[in-house]
Amino acid sequence: GNYEAMMTDSAEKRAMDSKSLTDREGAKADMTAELEGSEGDKASASKELMVIEQYIGSLHAECDWLVQYFEVRKQARADEVDSLGKAKAVLSGADFSLIQRNARARKFLHH
């Protein structure tokens, strides 16, 4: 009886060990799949990060350019506004002198 009990216990232990091993192999397979998925996510995130860093770099370059040439562009705009003001004054003066000339001509014709 004792030998049979020992063999039964031994068989049960082997069955449990076998199930435990199967469970661990399953868990390992799940973790391996999860790891591969995580590595894929990491690669994808790394590519996205690289694209974002390139975009930030281009914004930085554009910003540097805007800052660098701000005074030049500001002066050019001021000069343009000044030129437009002078042109407007010239045109207004031309209109005014034309009106004066027409008025003088009319007075001359009426006398």
So, does [X] use its side chain to make a donor-acceptor pair with the main chain of [Y] at under 3.5 Å?
X: Ser46; Y: Lys42; value: yes
X: Ser18; Y: Arg14; value: no
X: Ser83; Y: Asp79; value: yes

Q. Going hydrophobic residue to hydrophobic residue with side-chain gaps under 4.5 angstrom, can you get from Leu66 over to Val72?
A.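 Shared cluster, yes.
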First locate atom [atom1] of [X], then atom [atom2] of [Y], and finally report the distance between them rounded to the nearest 0.5 Å.
X: Asp64; Y: His60; atom1: CG; atom2: NE2; value: 5.5 Å
X: Met31; Y: Ser38; atom1: CE; atom2: OG; value: 12.0 Å
X: Glu34; Y: Asp41; atom1: CD; atom2: CG; value: 10.0 Å
X: Leu21; Y: Glu25; atom1: CG; atom2: CD; value: 4.0 Å
X: Ile52; Y: Leu59; atom1: CD1; atom2: CG; value: 11.5 Å

Q: For Gln68, look at atom CD and say whether over 12 heavy atoms of other residues, nucleotides or ligands are found less than 6.0 Å away.
A: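 Counting other residues, nucleotides and ligands, CD of Gln68 exceeds 12 neighbours.
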Q) Can you check whether Arg73 reaches Arg77 side chain to side chain, under 4.5 Å on heavy atoms? A)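 Yes, side chains in contact.
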Q) Can you find a pair of side-chain heavy atoms, one from Lys47 and one from Val51, that are under 4.5 Å apart? A)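 No; the side chains remain at least 4.5 Å from each other.
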Q: Quick one: do Lys86 and Asp82 satisfy salt bridge (charged side-chain N to carboxylate O under 4.0 Å, His left out)? Show the steps, please.
A: CA-CA 6 Å; Lys86 286 177 181 167; Asp82 189 47; 3.3 Å; yes
Q.
I'd like to know if Lys19 and Asp23 make a salt bridge, using a cut-off of under 4.0 Å between side-chain N and carboxylate O.
A.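 The answer is yes: the pair qualifies as a salt bridge.
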